[in-house]
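Okay, structure first, notes after.
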Protein chains: 2
Amino acid sequence: MQLPYRMSDTPTHHQIALMPSGRRGPVPAGMTLLDAARQLGVELESICGGRQTCGKCQIVIEEGHFPKHAITSSADHVSPIDGREAAYRAEHPLGARRLACACEALGDLLISVPEESQAHKQIIAKAATDRVIEVLPAVRQIYVESVEATLDDHRGDWERLQVAVAEQWHLTGLTIDPLVLPTLQPALRAGKFAVTLTLWQETEVLRVQPGYAEGAYGLAVDVGSTTVVAHLCDLRTGAVRATEAMMNPQVRYGEDLMSRVSYAMMDKQGAARLHRSIITALNDLARKAAVAAGVSTDDILDVVLAGNTVMHHILLGIDPVELGGSPFALAIDGPVDLKARDLGLKLGAAARVHVLPCIAGHVGADNVAVQLAEAPHRQDELMLIIDVGTNAEIVLGDRAQVLCASSPTGPAFEGAQITHGQRAAPGAIERVRIDPITLEPRFRLIGMDDWLQPGSVIAEGGLRATGICGSGIIEAVVEMFLAGIIDPDGRFDESAPGRSPRVRFNGRVGEYVLADAGHTASGAPMVVTQNDVRAIQLAKGALYAGVKLLMAERGVAQVDRIVLAGAFGSYIDPRHAMILGMIPDCDLSRVVAVGNAAGDGVRIALLNRERRAEAAQIARSAIHVQTAVSAEFQNEFVDAMALPHATDPFPHLNGQLPARTAHASARRSARRRAPAQ
Amino acid sequence: MQLPYRMSDTPTHHQIALMPSGRRGPVPAGMTLLDAARQLGVELESICGGRQTCGKCQIVIEEGHFPKHAITSSADHVSPIDGREAAYRAEHPLGARRLACACEALGDLLISVPEESQAHKQIIAKAATDRVIEVLPAVRQIYVESVEATLDDHRGDWERLQVAVAEQWHLTGLTIDPLVLPTLQPALRAGKFAVTLTLWQETEVLRVQPGYAEGAYGLAVDVGSTTVVAHLCDLRTGAVRATEAMMNPQVRYGEDLMSRVSYAMMDKQGAARLHRSIITALNDLARKAAVAAGVSTDDILDVVLAGNTVMHHILLGIDPVELGGSPFALAIDGPVDLKARDLGLKLGAAARVHVLPCIAGHVGADNVAVQLAEAPHRQDELMLIIDVGTNAEIVLGDRAQVLCASSPTGPAFEGAQITHGQRAAPGAIERVRIDPITLEPRFRLIGMDDWLQPGSVIAEGGLRATGICGSGIIEAVVEMFLAGIIDPDGRFDESAPGRSPRVRFNGRVGEYVLADAGHTASGAPMVVTQNDVRAIQLAKGALYAGVKLLMAERGVAQVDRIVLAGAFGSYIDPRHAMILGMIPDCDLSRVVAVGNAAGDGVRIALLNRERRAEAAQIARSAIHVQTAVSAEFQNEFVDAMALPHATDPFPHLNGQLPARTAHASARRSARRRAPAQ
């Protein structure tokens, strides 16, 4: 007997394939393509949650037979355009595209997902090493349609809205910031009971806007002791909408960190003043960035901050005095979540702040940000990261274990405590070369492309040397060593004045004239003195000893990759760093300067909430190696003072510098005979 | 063979009995008596957690044989005084008492626990009905001994402290208020790494004090539309340390609630101004209460607030405009927890505020507080609670179900819209009696003990009548009815002027001279007019109709107990209320005025965190019955206008008022013939 119809005539499922991911599978007939894509593992962007309002889930229905997928796809295989989608298209022409949330699957389909419709977008950080950031922000917006209050329904508008959120977004247990609560009723009524909520961590409402609204922004701020850099990011797309930088205003209370800590110790109001000055700076940066991006500071609802431990504490209003002396106790090492208003930041009323965690008294949130960006804990290769500031933070690690330490290099690498030292800024000598035969120098200034050499004429009003920055003094010392002006112990060669009048002795203390009077802003010659060389030796000795300590702790004699982080790392020539003995021997092609890795790490934490958890994990699991109390460190330190390192650990450089090393080596024995200075 | 010793010679347990609870049982030998008591279900007070620092766990070891408990107890059966306990006793002589945390059980013991050593103290609220409050506050202090930072331990001080808290108090996952974090390091160092933490809900640190400290206070505030009353309580003992009251400063923007809502609607800055004025008032009250109690406002770390829905919204900075018109939508009905600083309250930096929940647009947090205090949901008896204000809030319920409604009585019961009406304040006529034969009145003023009657002489400067308050006008109307001046429809009896010149007619509109010129502050006589009678009829009709609606909803014709809440309930004579037909018939001994039950409810929520959860549950589960849209209500309302209620539902009064009701009844038929006014 034949039944009048067979149930199986109406298929219960259709085959869907999604490009470019290639994911495919059956989905229930009638399911929207937004849900279908999600079920097949492809998350489409959506703010309105499938209400044909935000237009973010655009797709293209491909037509034809696709043998690879065994699918015949047709625009007829989805429900037609009507209702809300039609209204949306009237305002926003979509051409061949459809809104996935409006299309019900009526047959097999091959769907192309344009890049901008993909959720969890991946963006590329503009660092030397391309860093891919998946956009999964802590703060995001959702559109919700609630219901009108009636006499019979005595619940509060907030309680009614929570039910709508649970139904439409499957989010429960939401709270609302108490300062946002007063905006709820006007927004609901202005939006005819539809509102856009801005959520933090899927748990707290930070903003309520009437109807459909778009635009939540975040600020990623790398609070350096010298420079503060803020990136204003669109939290939906991950795009950097504006970048603003300024000098850290705390500089007026002390050039380097320790002088700021001293200031806080000497003056009862010092810590509070330091705190207020950085908060004012952050407000300035936020305001400028908002203007540049054409948004309101009210639209900024998330902030991620990182800095070294002293900056970290001052940011949070914590007196940094304990960081100024042993045992360098942190007030808190874990990440701190708080309201921006509690710091005095003038952003959205309920804006959030996330402060990245610290590791130890001298290894701060900036280092955690560097690790988050460079991710040694995700690598098989053993990576050495060197981040040079007032202290050098050193990280050695791989997937198995990450060690870190802080080495007391002092501020010489930043140009401080150097006769003509200065911060890296326009006018600073940043590159130096010395002819090994004539001992004549040439150098380049920050802010000028051409190299200057003795006799170069600088036009009236042209840039002149104002000082020597960290990379300049390192190159100068290395070049002086390669040219035989100083010996491996760092002493000026007494025979060098005979080779060139640029080398001179005041009594038994040597100096080298790097810049002639005509090339300097002051009109006086600029010299590198014996003390300057000693300062660099001390600094590089401390750095190298720290590296060796970590390598010994890990039980390795070599590393696979060396990463030079920070502005300093960008300016310095890895070859010079290796000759100086700052870093251990490594194939030069495996030494990379990654620029502001800390800044990238902060941005990663802003754009991806899971990476915040990862940062906390990094801070918790990093093994901190104490340098100050280590006898091993002290021994290494003494050894590491010499140029190049006494055990000559640079096989990778041998082939590249035959002439110069030969020249220097030839002079070595003579100098050994000279009495110690 | 005899073993050299038997294990059983060393008892592994001792018998302990605790008085006055009578709890007893075996505890492991060597256990401290603090732990032993806890194990036997007797919680002793302890801030220091067993470190012989706070001295709160004092006990007395009884000596002798106690046959009832089969225990021979001796002071020798506990470890001797030494170490920390000896140090504590040197500062605080304890006499025969010991610190339970210092005593290890070495034998059987009978222990007396003085009242002040018992944790979860029970205190009695000073209400008409004694309310027992178990002290289990949301904010409490604990003493913790952390360890010093060392070079080898790179954790933050906060992380170290958390470990100590987990070990010593079994509390994990604590957070610390970001504004308190900066005080952590100085407090730890000033206290030699021992600190007292003030905790909120066992989860957040609100304060860190060096070493051992004592004193956390809370403020329970009943924000009435007319009067704001604040109780400053010791959160450990539950004791009220100071009570301060003041006029609600919003009165200047509108005497009654609806005029304040109108003010907020008319003036764009109105709601903000109303909010600021109440916050300023709360700060004033807190300051005065702190001075009175001899504490600092910094010591106030918890606040519980309640008020009607308009007050509730204005407190939270929410424009009350939606409450001014149908459907009277609440912005939020659930409880709100927030930081005091976010409301602009100047208390401890991290002080908390808990705002009790609301039930519906006209049934606010004050009503929830009343329910928390009177607890109909815990009773087997069916309880009717009437809380009269601008609206009357009516609650009818028992363990099975609680119904509530708001009845639009208007402000007549508060003395508004009455010719000589005024708020309950010194000089107001609050009690009235009228001789049923002579129609001569006597009355009593608020602020004066003696009754005044015609001819009484008031001394120069003595208190004179300034107006008639709610209870006064109700008694006046009831007495006028009982004396036959007005008939059951509320009309003035045209024959009454013939009985006394105090009853007069202007045309056909009657009035009664209640106070003669010599007894009033204005020097003019004070009358009760036909309009005043009508206003009271409308108000009582609305109230009674609301009560009947709830009774019908519940399907009952009678209630077991009637509770009159609020100041109004304290002033009014239940007998008069019943004759007027405000409340349904009930044995007069079962009608009780409970005074400021809302204030007690707020204090209960301040002192007991579990009762906060109970308040939330009350608000969630109460069934709100809408009066405004109910046809039944409208019918009841019309019926309930008459005096006494048309169906004469007061069998319990019959025996008490034979003369008067007979007198009134005798006149009824005559008046029926008179044409309707």
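So you know, we letter chains A, B, ... as the sequences are listed, proteins then strands, and number each from 1.
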message: Any non-hydrogen side-chain atom of Ile618(B) less than 4.5 Å from a side-chain atom of Val402(B)?
response: no
- prompt: Taking 4.0 angstrom as the limit, do Asp177(B) and Arg352(B) come out as a salt bridge?
  reply: no
- prompt: Is a salt bridge present between Lys339(A) and Asp342(B), judged by a nitrogen-to-oxygen distance below 4.0 Å?
  reply: no
- request: Take Leu206(B) and Val180(B), measure what side-chain contact (heavy atoms from CB on, under 4.5 Å) needs, and give me the verdict at the end.
  value: CA-CA 7 Å; Leu206(B) 303 186; Val180(B) 172; 5.6 Å; no
message: Quick one: does any side-chain atom of Gln162(A) pair with a main-chain N or O of Leu174(A) as donor and acceptor, under 3.5 Å?
response: yes
Would you mind telling me which of [options] has the largest number of heavy-atom pairs within less than 4.5 Å of chain A?
options: Leu179(B), Thr150(B), Ile332(B); result: Ile332(B)
options: Asp152(B), Leu181(B), Leu184(B), Leu338(B); result: Leu181(B)
options: Val336(B), Asp319(B), Leu316(B), Ile359(B); result: Ile359(B)
options: His624(B), Glu159(B), Gln626(B); result: Glu159(B)

query: Is it the side chain or the backbone of Arg620(B) that comes within 4.5 Å of chain A heavy atoms, both, or neither?
result: neither
query: When you look at Ile623(A) and Glu553(A), which way does the side-chain contact (heavy atoms from CB on, under 4.5 Å) test go after all the steps?
result: CA-CA 10 Å; Ile623(A) 296 169; Glu553(A) 188 80 23; 5.8 Å; no
field: Contacting region of Arg341(A) [heavy-atom separation from chain B under 4.5 Å]
entry: side chain
- prompt: Quick one: of His313(A), Arg189(A), Arg160(A), who has the most non-hydrogen atom pairs under 4.5 Å with chain B?
  reply: Arg189(A)
